[in-house]
*Asks:* 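Below you will find the structure I want to go over with you.
Hydrogens, waters and symmetry mates are skipped; everything else that's a heavy atom, side chains included, is used. Along the sequence shown, residues are numbered consecutively beginning with 1. Worth saying up front: this structure is predicted, and the values here are computed from it rather than measured.
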Amino acid sequence: MSTEHSKLEKLEAAGIIESRHFSADELKLVDTITDEEIEVLIQLRKKMGAAPEGKHHIRPNIGI
């Protein structure tokens with residue numbers, strides 16, 4: 001049994017996106033992001049910490 005997570009699951013777990021804020025078509029775009037880009041987004045979130053209070057719903061929230 002594989003424990004690999006989808007790209008969407010990885011981004012949600014890292015607090016970068018919340019799928020409930022996106023349409024099905026927008027969520028399909030997540031599959032076009034490379035694994036390397038996913039890792040960069042996750043590292044940026046770790047360095048920047050949590051999204052500011054009141055802006056946590058804005059996704060992706062890397063630049064806030």
Side-chain angles (χ1 to χ4, degrees):
M1 177 179 262
S2 175
T3 59
E4 186 168 334
H5 297 286
S6 73
K7 293 174 181 181
L8 178 60
E9 290 171 329
K10 288 179 182 179
L11 292 174
E12 284 190 301
I16 297 168
I17 63 171
E18 291 180 8
S19 61
R20 64 189 173 125
H21 294 287
F22 293 93
S23 70
D25 286 337
E26 291 169 328
L27 291 174
K28 287 179 188 176
L29 292 175
V30 173
D31 288 332
T32 67
I33 301 171
T34 67
D35 290 335
E36 292 80 16
E37 290 168 329
I38 296 286
E39 291 306 314
V40 168
L41 291 171
I42 292 170
Q43 290 303 315
L44 282 170
R45 169 52 55 226
K46 286 179 183 177
K47 283 185 177 186
M48 296 180 74
E53 191 64 34
K55 294 188 178 186
H56 63 281
H57 65 286
I58 300 172
R59 305 288 187 214
N61 60 23
I62 294 298
I64 296 174

*Asks:* Roughly how far, to the nearest 0.5 Å, is the CD1 atom of Ile42 from the CD1 atom of Ile16?
*Replies:* 5.5 Å

*Asks:* Which heavy atom of Leu8 sits nearest to which heavy atom of Val30, and what is that distance?
*Replies:* N-CG1, 3.8 Å

*Asks:* Which heavy-atom pair separates Glu37 from Thr32 by the least distance, and what is that distance?
*Replies:* OE1-O, 4.4 Å

*Asks:* What closest approach, in Å, do Glu26 and His21 show between heavy atoms, and which atom pair accounts for it?
*Replies:* OE1-O, 4.4 Å

*Asks:* Once you round to the nearest 0.5 Å, how far does CD of Glu9 lie from CD of Glu12?
*Replies:* 8.0 Å

*Asks:* Just so I know, are the side chains of Lys7 and Asp35 near enough to count as touching, which here means a heavy-atom distance under 4.5 Å?
*Replies:* yes

*Asks:* Quick one: closest heavy-atom pair of Lys10 and His5, and the distance?
*Replies:* CE-O, 3.6 Å

